Each structure stands twice: as structure tokens, then as C-alpha cells.
Peer 1: 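First the structure, then my questions, so here it is.
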Amino acid sequence: MFQDSAISVVGKFSESGQAVQINSSLFNGKKVKVYEGKTVWTTIIQISGEIPAQLQGTLNYSYGRGEEFYTGSFPFAVQLAGGVSAQSRIIIPTIDIKNPVADCGDDPTGDKSLMGIFILGLLGGFIALLTPCVFPMIPLTVSFFTRQDQSKVKGIRNAIIYGLSIFLIYVLLSLPFYTFHASPQVLNNISTNVYTNLAFFVVFLVFAISFFGYFEITLPAGLANKASSKSGITNLGGIFFMAFTLAIVSFSCTGPILGTLLVGALSSSGGPLELSFGMGGFGLGLALPFAVFSIFPSWLKNIPKSGGWLNTVKIVLGFIELALAIKFLANADNVKQWGLLKREVFIVIWVVIGFAIVLYLLGVLKMGKFVLSKKFSKPRIGFIILFLLITLYLIPGVTNTKWAKLSLISGFPPPVCYSIYEKPVNCDEPLVDYEQAIQLAKKENKPVLIDFTGWACVNCRRMEEHVWTKPKVQQLMREEFILVSLYVDEKRKLPPSQRMVYKTKNGEEMLIVTVGDKWTAFQIENFNATSQPQYAIVSPDEKLLARTKFYTPSSEEFSGWLQCGLKAFKKIR
């Protein structure tokens, strides 16, 4: 298949090669044409616009071994005589990231705090403790380790080993994801891929329905039984399998929370390393109460008894999972620009979910088989007030006013410019082409502020809505810089004449077909990074004025970096 609607097939495919017909049970006994040996397919195509020197496409195929068939694909390029060669600049020789004019900015090795990811995982583990699958297990497990027929020292030792085993199990779950680092942009492609986000939308929707009590998500019963049978052993292996059994039987409640953690890590620049820290935090949060209450069993008297409140927590989590599902659907919509979930539509859905939580906690909305008590406890009243305040806070977001920014949740809704309003008041659309920005910078004698961003980038939205809007930052960016935003997940196809197979400075080949492919290669080749947001300041003659800047929630720090770059520009001007 060819890469764009600008190229259409107007003739029939003809083939030269030896083909045989076979009957395959895999295809229900139908006849299948199989090619053996060299085969050439030819057809007539029509290209609208400028004719490229190189035509790029993808061959999708199936190959068989006996009765087994596998699918595959590979890109190809056909040279067209007389066509126009791609002229896009990727490497800018004058950009030297090792020797900027001013030594201010970030270390290019990363942009996130691993400790912050660990703490988020820890909070996820604590939340998982409050589910019906885990909370009742605490007193049962503690009673096992503090039983009368063993010494207190041995019980404490075994409880600590049990907690460490839980921690280790969840860290081990992150190891397979290290295989995703085959190329630097793989994780970015995962987070911005439309079909991946649609898949996450479906998964989280299923998680939400499960939390609402309509069915249970469980791992195979045989796996749980096998782990449970080995957990009866009193040695270290037995204790480990006790922890493994807990992880399996609690999956219906912990799975959605783990899924949120997994998706968040794979959608970020740190990827597997951040996932390991997040999973480690989750495992620690889940393990701590089991170990602590085994050491201090008298503390068990102070925790609430299991009861209907656990089901209430689970259903509220179901609503939260539903809100997250909408977020992933919005990611896909943002990237493809379908117009289904523009900012205000997204916020309306979240407002409806917020009111649904409040109505459920009030007992007006019935969810699941469990009926809420008519008596309102203090925690229940507190959560009603909390979710009501959150929902009321969201309502101005559907208006076309300055109060629609919603800085507290910046990054979650779609961009302010992706709006149902023809002229959204909070939207200042920047340039989106680097060459145009350089030409304007030369004309106005200003430095260029490059913003590597993405439609599905949460931290990019946080910067735009929470940092860029601060008066000092806004004044600098509007008056002193030429801002250009380069969307690395822009799926709009380049004209055929601008597409190419680009050979990187490391000798690898990159197929550049979309606008996002071009800016991804531009970022990798010139700034050695694949994460967003990343900011760079270059002069009109394309010299790097300062070290690049990553996600910076402090407006003072960001404005300080902008001023540093501006001083460097005035120094060499």
C-alpha cells in the first residue's frame, strides 16, 4: 500500500512470478495463492501535485511454514526519474548542544524525577489496599504470621520477607518492558499511536465496568491454585508464593490501578526505568501494612472493619477509571483531529462523571448490587464535598472565558486551541514550521524558541496552560522570541516530494512520511532527545544560545532560563 491519498492506483496489478494454489485448514479449507520464488508486481499510479524523486510505500504480506502463517511488512522505495528530491533540513550543523553560548538549562539526560514516580506508585499501592480484594487479607495474613505456634521473632522475620516478596514481584513485572528500548522513539510512538490509545480506552472502559460490579477480571484459576498450593510451604519459597498468591487473587482490584501506572510510564520519556520505580512504589505501598501490622499486631484494632464501604471505594474507583478511559480516547482524537472530543466536550463528560460520583455517594444513583447506608459517615460526607468541589471547579472550563483555563488539571483536557469555539479567548496559536520561524527571526532580529511538543503530551499542556500564561513568561515569549511548536506526533502526511528515507548520524534509517516523523528526526539529530516537552533557544543564524529545557513547572525557573537565553543572544548580536 502507498502512504497517502495523494497517490492513487489507477491500473490493475499485474504480476510476474510463480504462484500456486493451496488448500489450508487455517483458512477453513479455502484456496490460497502462494508465491514461491521471486515475484514482481506492477501497476499504474497517479500522483497529485509535485512528483517526488522517491516513492515510498509499505508491503504487507503473509508467509507460511507448513500449516502456519505469519504476517509481516517492510517499507520500500522506488526511484522516479525526473522527480523532485526532498529538500528538508534535518541536521543543523551550527547547533552544538555540547557548547551553547550560555551554560544554563537542563542536563539532557532526563526530565522527570524518579522519586516522584516512586511516590505516585506508593500512593497507588495505598489506594489498592482499600479495595475489597486486598483489605480483608490484612488481618488474615497478620494472624498467620503471629500465630501461637511460632516465636514472635520468627513471625516478624517471615512478615518482612513476605513484604519484600510483594515488592520484588511488582518490580519483576516491569522487566519485560525494557525490550521496548530497541530505538529511541519507540516509547513515544506507543504513547501517541492512535490505535494504542484506542486500545487503552477499551481496556480502561472494561476496568470501569468491572469496578461497577458487572463482572470480575481474574487471572486463570489454575495459576492461582498452583501458587496457593505452594504457599503452604513454610520456607522462603513458600512465603514468596504466599505473596504471589496475593498478587493473583487481588488482580481484579489492583489490575486497573496497575494499568494506570503502566500506561503513565510507557507514555513518558523514562519508560521502563520509570515503570520499575512506579511498580516498586506500588509493591511497597501494598506490602507495608502486612509487615507493619505483623510487627505491631495490636495496631489492627485501630483500622476499620471490612464492610460495605469497600464496595463504595471500588465503585468510586470505577468512575475514576471511566474518566481515564475518556482521556485516552481524547489522546487519539487530538492526534487525528477528528473533532469528537474537543476541550469543552471532554470537560462536560468529566463534569457528568463528577456529578455521578456525588449522586452515588448521596445514595441517589444506584450502582451495583450493594445499597449504600442511609447513614452518612464523616468520611463519606468529606468525599461528597471533595468531589462536588472538583466538579464545580470544572464547570467554567466549558465557557469561552479566561476562567476556562483550569490550571489545576492542566495537561489532562485537550489543548485550549482545540475548541468548539471559533475564536477561543485563551488560544495563542504559534508557528508550526521551523524554516518559517527562522525567516521571521532574521526579519525581526529575535531568537527562536523551539517547543518540541505533542498532541497527546500531558506535560506539554501543563506548561502551556500553567507556566506560559504567567505574566512574566508570557511577556518574554510574546515580545522577545519567535515561538515555533513542532508536534512530533502530528500524523498529517508530508507532500510526496518531501518524504524520504533519512540516514541518521548513527547510520540508522528513518522513514520520514508524516510531519511528526520530520520533527522527531529533527529533535533526535540536533538535541539528542525524544521526550516532550523540550525547549531550545537558537539565534537567527541557528546557534544554540543555552542548554535545552525540559518540563519545568516553576514559572520563575522557566522565565530565568528564557532571560539567560536572551542575554546570550544580545551578547553575540
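What you see is a predicted model; the values in this text were computed from it and never measured.
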Peer 1: Please enumerate all residues that pass side chain to side chain donor-acceptor pair (under 3.5 Å) together with Ser485, with sequence neighbours excluded.
Peer 2: Asp451
Peer 1: Could you tell me if the side chain of Arg343 sits less than 4.5 Å from the side chain of Val416, heavy atoms only?
Peer 2: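 Yes, their side chains come closer than 4.5 Å.
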Peer 1: Sequence neighbours left out, what passes side chain to side chain contact (heavy atoms under 4.5 Å, CB included) with Trp403? Give chain and number order.
Peer 2: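 In terms of side chain to side chain contact (heavy atoms under 4.5 Å, CB included), with neighbours along the sequence ignored, Trp403 is linked to Pro396, Thr401.
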Peer 1: List the residues meeting side chain to side chain contact (heavy atoms under 4.5 Å, CB included) with Ala536, not counting sequence neighbours, and say none if there are none.
Peer 2: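 For Ala536 the side chain to side chain contact (heavy atoms under 4.5 Å, CB included) partners, ignoring immediate neighbours, are Ile450, Phe527, Leu544, Thr548.
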Peer 1: On a heavy-atom basis, which atom in Gly280 and which in Val171 lie closest, and how many Å separate them?
Peer 2: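 In this case the closest contact between Gly280 and Val171 is CA-CG2, 3.6 Å.
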Peer 1: Would you please indicate yes or no on a ring centroid separation below 6.0 angstrom for Phe412 and Phe346?
Peer 2: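 So the answer is no for these two rings.
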Peer 1: Tell me every residue that passes salt bridge (charged side-chain N to carboxylate O under 4.0 Å, His left out) with Glu344, counting only those two or more places apart in sequence or in another chain.
Peer 2: none
Peer 1: Which residue pairs satisfy the salt bridge (Lys or Arg N to Asp or Glu O under 4.0 Å) criterion with at least one member in residues 454-463, sequence neighbours excluded?
Peer 2: Arg461-Glu464
Peer 1: What are the two closest heavy atoms between Ala208 and Gly318, and how far apart are they?
Peer 2: CB-O, 3.3 Å
Peer 1: Between atom CZ of Phe204 and atom CG of Leu322, what is the distance when rounded to the nearest 0.5 Å?
Peer 2: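 Between Phe204 CZ and Leu322 CG, I get 11.5 Å after rounding to 0.5 Å.
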Peer 1: Any chance you could measure Ile320, atom CD1, to Leu317, atom CG, to the nearest 0.5 Å?
Peer 2: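 Interatomic distance, Ile320 CD1 to Leu317 CG, rounded to 0.5 Å: 5.0 Å.
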Peer 1: For residues Val467 and Thr552, report the shortest heavy-atom separation together with the two atoms involved.
Peer 2: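 Answer, listing the atom of Val467 first, then Thr552: CG2-O, 3.5 Å.
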Peer 1: For Asp333, what residues pass the side chain to side chain donor-acceptor pair (under 3.5 Å) criterion, not counting sequence neighbours?
Peer 2: Tyr418
Peer 1: Tell me the salt bridge (Lys or Arg N to Asp or Glu O under 4.0 Å) pairs involving residues 398-427, sequence neighbours left out?
Peer 2: none
Peer 1: With a 4.5 Å cut-off on side-chain heavy atoms, are Val316 and Phe383 touching?
Peer 2: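 Side chain of Phe383 against side chain of Val316, heavy atoms only: no contact under 4.5 Å found.
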Peer 1: Please name the pair of heavy atoms, one in Ala330 and one in Leu341, separated by the smallest distance, quoted to 0.1 Å.
Peer 2: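 So the two residues come closest at N-CD1, 3.7 Å.
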Peer 1: Holding to salt bridge (charged side-chain N to carboxylate O under 4.0 Å, His left out), I want the full list of residues that pass it with Glu557, two or more places apart in sequence or in another chain.
Peer 2: Lys549
Peer 1: If the condition is side chain to side chain contact (heavy atoms under 4.5 Å, CB included), which residues does Cys104 pass it with, not counting sequence neighbours?
Peer 2: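 Here the qualifying residues are Ala102, Ala546, Trp561, Cys564.
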Peer 1: Look at the rings of Tyr360 and Phe319 and say which category their plane angle falls in: under 30° parallel, 30 to 60° tilted, over 60° perpendicular.
Peer 2: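 Tilted.
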Peer 1: Measure the acute angle between the ring planes of Phe200 and Phe328, then classify it against the limits of 30° and 60° as parallel, tilted or perpendicular.
Peer 2: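 Ring orientation of Phe200 relative to Phe328: tilted.
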Peer 1: Which residues pass the side chain to side chain donor-acceptor pair (under 3.5 Å) test with Trp519, sequence neighbours left out?
Peer 2: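 In terms of side chain to side chain donor-acceptor pair (under 3.5 Å), with neighbours along the sequence ignored, Trp519 is linked to no residue.
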Peer 1: Using side chain to side chain donor-acceptor pair (under 3.5 Å) as the criterion, list what pairs up with Ser559, not counting sequence neighbours.
Peer 2: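 Result, side chain to side chain donor-acceptor pair (under 3.5 Å) vs Ser559: none returned.
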Peer 1: In Å, rounded to the nearest 0.5 Å, how long is the span from SG of Cys460 to CD of Glu465?
Peer 2: 11.0 Å
Peer 1: Ring centroids only, cut at 6.0 angstrom: are Phe558 and Tyr535 within range, meaning strictly under it?
Peer 2: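 That pair passes the under 6.0 Å test.
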Peer 1: Please report the closest heavy-atom contact between Arg380 and Gly363, naming both atoms and the distance.
Peer 2: NH2-N, 3.9 Å
Peer 1: Rounded to the nearest 0.5 Å, what separates atom CG in Leu392 from atom CD1 in Ile390?
Peer 2: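 Going from the CG atom of Leu392 to the CD1 atom of Ile390 covers 10.5 Å.
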Peer 1: Going by side chain to side chain contact (heavy atoms under 4.5 Å, CB included), name the residues that satisfy it together with Leu362, two or more places apart in sequence or in a different chain.
Peer 2: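 With sequence neighbours excluded, Leu362 shows a side chain to side chain contact (heavy atoms under 4.5 Å, CB included) to Val358, Val364, Phe376, Ile384, given in chain and number order.
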Peer 1: Under the side chain to side chain donor-acceptor pair (under 3.5 Å) rule, what do Gln523 and Gln532 come out as? Steps first, then yes or no, please.
Peer 2: CA-CA 10 Å; Gln523 184 183 14; Gln532 295 81 46; 3.1 Å; yes
Peer 1: To the nearest 0.5 Å, tell me how far Ile357 CD1 sits from Thr391 OG1.
Peer 2: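 It is 7.0 Å, given to the nearest 0.5 Å.
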Peer 1: Once you round to the nearest 0.5 Å, how far does NE2 of His466 lie from CG of Asn459?
Peer 2: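 So the NE2 of His466 and the CG of Asn459 are separated by 12.0 Å.
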Peer 1: So which atom in Gly397 and which in Ile347 form the shortest heavy-atom distance, rounded to 0.1 Å?
Peer 2: O-CD1, 3.5 Å
